[in-house]
Each structure stands twice: as C-alpha cells, then as structure tokens.
There are 2 protein chains.
Amino acid sequence: MDKHEITDEGGSPEIVLQVKDGLLDDRSAASMSELFKALGDPTRIKIIHALLQHELNVHDLTVVLGMGQSAVSHQLRYLRNLRIVKRRKEGKTVYYSLDDNHIEQLFVLTLQHLEHD
Amino acid sequence: MDKHEITDEGGSPEIVLQVKDGLLDDRSAASMSELFKALGDPTRIKIIHALLQHELNVHDLTVVLGMGQSAVSHQLRYLRNLRIVKRRKEGKTVYYSLDDNHIEQLFVLTLQHLEHD
DNA sequence: CTAATATATGAGCACTTATTCATATGTTAG
DNA sequence: CTAACATATGAATAAGTGCTCATATATTAG
C-alpha cells in the first residue's frame with residue numbers, strides 16, 4: 001500500500017509504466033542535481049566566470065567579487081569538494097583554477113544562450 | 001572606501017582589474033544561477049527526465065515520481081514560471097511537457113557526462 | 001443544481017544555505 | 001623566536017527551500 005495512494009488509472013497506462021520504469025534512479029538524480037546546484041548561486045557563478053578567464057588567488061578573488069575573504073573561502077571549499085575547482089599553492093598564497101571541462105561546457109553554453117536572447 | 005577594505009596589491013594587478021572589469025554583472029549572474037538552481041533539485045531533475053520521454057499529466061507524474069499531488073504541482077509551477085515546462089489543458093486534466101530546448105541540451109549533456117565516467 | 005475528479009495554492013514547518021564574525025592554521029620575513 | 005600576511009574553518013544567524021496539510025478552483029457527469 002502506497003503512502004500517497006498512488007495507483008494507475010490514467011489514460012495511457014503503458015506509457016506511464018514505461019516512463020516510470022526508465023526514470024532516473026535516486027542516486028543519479030542526486031548526482032545530477034548536486035552538480036547543477038553548485039551552479040545555482042550567483043557568487044559561485046561569478047567565481048567560475050572569473051576563473052574561466054584566469055587563475056586567481058583568494059585575495060584577488062575577493063577584489064574581483066567585492067566580497068569578504070571568509071565568504072569566498074567557503075565557496076571555494078564547496079566548489080573544490082565537487083572537483084569543479086582546484087588549488088595550487090605557491091608560498092603562502094593559494095591559486096584557484098577550474099578543474100572540470102564539463103562544467104565549463106555547461107557554463108559557456110548557458111552564457112551564450114542567455115546572451116543572444 | 002570599500003566595506004571589506006578590499007584593495008589591490010597582489011602580484012598581477014593588471015589581470016585582476018581585467019577580470020574584475022569583464023566579470024558578469026549581477027543581473028546576468030542572477031539569471032544564470034536561477035536557471036541552474038531550477039535543475040539543482042532531485043525532484044525537478046526527475047520531472048524533467050520523465051517529460052523528456054513523454055508528455056504527462058499531473059496524476060501520472062505523481063505515479064511516476066511516487067510523490068504527493070501537491071508537491072508535484074508546486075514543482076510544476078516552479079518550472080513553469082521559469083518557462084522550462086509548459087501546460088496543455090484537455091478537459092479537467094493538464095498535460096505538461098518541456099518548453100526549453102536549452103534546458104534539454106544541458107540535461108542530456110550532463111546525463112551523458114555522468115553516465116560514461 | 002450536486003457530486004466527483006483533477007489540479008492549484010496558501011500556510012506552516014523542518015531543513016538547508018550563504019554570509020559574517022572570530023579565530024585557527026600555515027607560511028615567510030626579519 | 002615573533003610579527004605579518006594569506007587562507008581556512010567553526011559557530012551563529014538570517015533567508016530560502018521543499019514538503020505536507022487543508023482548502024480552493026475548475027471541469028465534467030449525472
């Protein structure tokens with residue numbers, strides 16, 4: 001017995017069952033949404049856009065973004081955990097750059113889409 | 001005087017200024033992140049994936065997703081507000097389908113990326 | 001008309017998230 | 001060693017999100 005009492009009785013049961021059967025499993029849906037969620041924030045979008053143009057250290061990112069160092073650092077950790085961004089240490093400064101071609105693809109594709117529209 | 005006392009004094013001031021100057025404005029960053037945010041949820045991912053295969057009415061979507069009608073309806077409104085999904089009314093039932101080729105592109109691209117990896 | 005069915009919507013709530021503040025860690029200069 | 005600088009991190013908090021529940025609206029059948 002289903003919690004929501006969801007049973008089939010619609011007009012095209014075959015198609016419904018077919019779609020239901022071929023639907024993304026929870027893990028895939030989670031992976032996918034996790035990836036998109038990373039791009040679902042203006043600050044992270046700006047960070048990615050900046051790094052798309054040039055590798056930058058944390059301080060320079062705060063200058064570029066006009067934000068506090070802590071906020072930038074938190075977001076960089078977030079992006080690094082998802083392997084969207086990578087670090088390179090040089091003395092006491094840490095340089096960040098993009099680490100995922102797929103993300104760059106998504107980003108550029110969407111940027112183009114929003115531009116000519 | 002900046003709120004965070006962010007001033008330039010890094011190693012490559014020219015590049016920083018260049019990146020800062022070419023950075024996405026707030027409106028563009030907001031548009032972009034808004035779009036990605038729509039894909040940043042497992043339920044919406046599943047809805048889009050289902051509709052990628054076939055137009056479906058609300059009840060059938062609840063069957064496919066195994067979720068309550070209200071939750072599905074709320075998410076459909078969300079997706080419809082962003083023109084990701086469109087309605088077609090037929091009597092008392094409402095059929096939903098995808099309404100944005102770009103979203104489909106992003107979706108399929110990412111799906112492929114996650115599959116063979 | 002009323003009842004039944006399909007969808008939509010507002011309020012409430014638990015949970016998440018993005019920032020700030022304070023502080024910790026790491027690195028180099030002197 | 002200490003001071004100064006660069007980055008990282010934990011706690012706190014305000015805002016946002018996704019679901020449920022109850023109810024509203026719309027359409028059709030009888």
Side-chain angles (χ1 to χ4, degrees), chain A residues 2-12 16 26 29-30 33-34 36-47 55-82 85-97, chain B residues 2-12 16 26 29-30 33-34 36-47 55-82 85-97:
Chain A
D2 196 305
K3 185 188 173 193
H4 301 292
E5 302 184 27
I6 293 166
T7 53
D8 187 22
E9 42 163 293
S12 314
V16 175
D26 287 342
S33 59
E34 190 181 51
F36 283 121
K37 193 180 295 183
L39 303 176
D41 174 81
T43 296
R44 289 193 292 270
I45 285 288
K46 285 183 178 179
I47 290 176
E55 177 194 59
L56 291 170
N57 63 46
V58 178
H59 176 264
D60 286 349
L61 272 171
T62 65
V63 175
V64 168
L65 300 173
M67 294 181 54
Q69 179 267 320
S70 182
V72 173
S73 219
H74 278 295
Q75 295 293 10
L76 287 171
R77 176 170 57 170
Y78 180 114
L79 293 172
R80 206 162 76 87
N81 286 340
L82 292 179
V85 133
K86 64 172 184 270
R87 279 151 52 107
R88 177 176 74 81
K89 244 182 143 174
E90 193 172 294
K92 48 185 168 183
T93 94
V94 180
Y95 291 91
Y96 281 86
S97 56
Chain B
D2 197 306
K3 183 187 173 192
H4 301 290
E5 301 184 25
I6 291 165
T7 52
D8 187 24
E9 42 162 291
S12 313
V16 174
D26 286 342
S33 59
E34 192 181 50
F36 283 121
K37 193 180 294 183
L39 302 177
D41 173 80
T43 296
R44 290 193 291 271
I45 285 287
K46 285 182 178 180
I47 289 176
E55 176 194 59
L56 290 171
N57 64 46
V58 178
H59 175 263
D60 286 349
L61 271 171
T62 65
V63 175
V64 168
L65 299 174
M67 294 182 55
Q69 179 268 320
S70 183
V72 173
S73 218
H74 278 295
Q75 295 293 10
L76 286 170
R77 177 170 59 169
Y78 182 114
L79 293 173
R80 205 162 78 87
N81 285 340
L82 291 179
V85 132
K86 64 170 183 271
R87 283 154 46 111
R88 177 177 73 82
K89 243 182 145 177
E90 191 173 296
K92 47 185 167 183
T93 93
V94 180
Y95 291 91
Y96 281 86
S97 56

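These numbers come from the heavy atoms of this one structure, side chains and all, not from hydrogens, waters or symmetry mates. Residue numbers start from 1 in every chain, and the chains themselves are labelled A, B, ... in the order their sequence lines are given, proteins ahead of strands. Note that the coordinates shown come from a computational prediction; the quantities given were computed from them, not determined experimentally.
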Measuring to OP1 and OP2 of D/dT17, would you say a side-chain N or O of B/R44 lies under 4.0 angstrom away? no
More 5' along DNA chain C: A/A71 or A/K92, using each one's nearest nucleotide? A/A71
Spacing of A/L79 atom CG relative to D/dA8 atom P, expressed in whole Å: 12 Å
Taking only the side-chain heavy atoms of A/D41 (C-beta and beyond), determine which of C/dA18, D/dC19, C/dT7 contains the nearest atom. C/dA18
Measure OH/A/Y95 against P/D/dA8 and give the value in whole Å, please. 13 Å
Distance, rounded to the nearest Å, where B/I45 contributes CD1 and D/dG18 contributes C1': 15 Å
Could you give the CG-to-P distance, from A/L76 to D/dT9, as a whole number of Å? 11 Å
Using atom CD of A/E34 as one end and atom C1' of C/dT16 as the other, report the distance to the nearest whole Å. 14 Å
Evaluate whether the aromatic ring of B/H74 and the six-membered ring of the C/dT9 base sit under 5.5 Å apart, centre to centre, with an inclination under 30°. yes
So among A/L65, A/V64, A/V94, which one has a side chain to side chain contact (heavy atoms under 4.5 Å, CB included) with A/L56? A/V64
Residue pair B/K46 / A/D26, side-chain heavy-atom distance below 4.5 Å: yes
Side-chain N,O (A/S70) to OP1/OP2 (D/dA8) below 4.0 Å: no
Output the rounded distance in Å from CD1 (B/I47) to P (D/dG18). 11 Å
Reckon A/Q69 has a side-chain N or O less than 4.0 Å from the OP1 or OP2 of C/dC21? no
Do the side-chain N or O atoms of B/K37 get closer than 4.0 angstrom to the phosphate oxygens (OP1, OP2) of D/dT17? yes
Should A/R87 be listed as having a side-chain N or O under 4.0 Å from OP1 or OP2 of D/dA8? yes
Any A/Y78 side-chain N or O less than 4.0 Å from OP1/OP2 of C/dT16: no
Within the 4.5 Å heavy-atom criterion, are A/R87 and A/Y96 side-chain neighbours or not? yes
Whole-Å gap separating P (C/dA8) and CD (B/Q75): 13 Å
Can you tell me if the side-chain N/O atoms of A/R80 get under 4.0 Å from OP1 or OP2 in D/dT9? no
From the options C/dG26, D/dA8, D/dC21, select the nucleotide whose nearest atom is closest to the side chain of A/S73. D/dA8
For a side chain to side chain contact (heavy atoms under 4.5 Å, CB included) with A/V16, tell me which candidate from B/N57, B/L61, B/D60 qualifies. B/D60
Looking at CD1 of B/I47 and CD of B/Q75, how far apart are the two atoms once the value is rounded to the nearest 0.5 Å? 5.5 Å
Of all the nucleotides listed (C/dT7, C/dG10, D/dA26), which has the minimum atom distance to the side chain of B/R77? C/dG10
Atom-pair distance (CG on B/N81; C1' on D/dT17), nearest Å: 15 Å
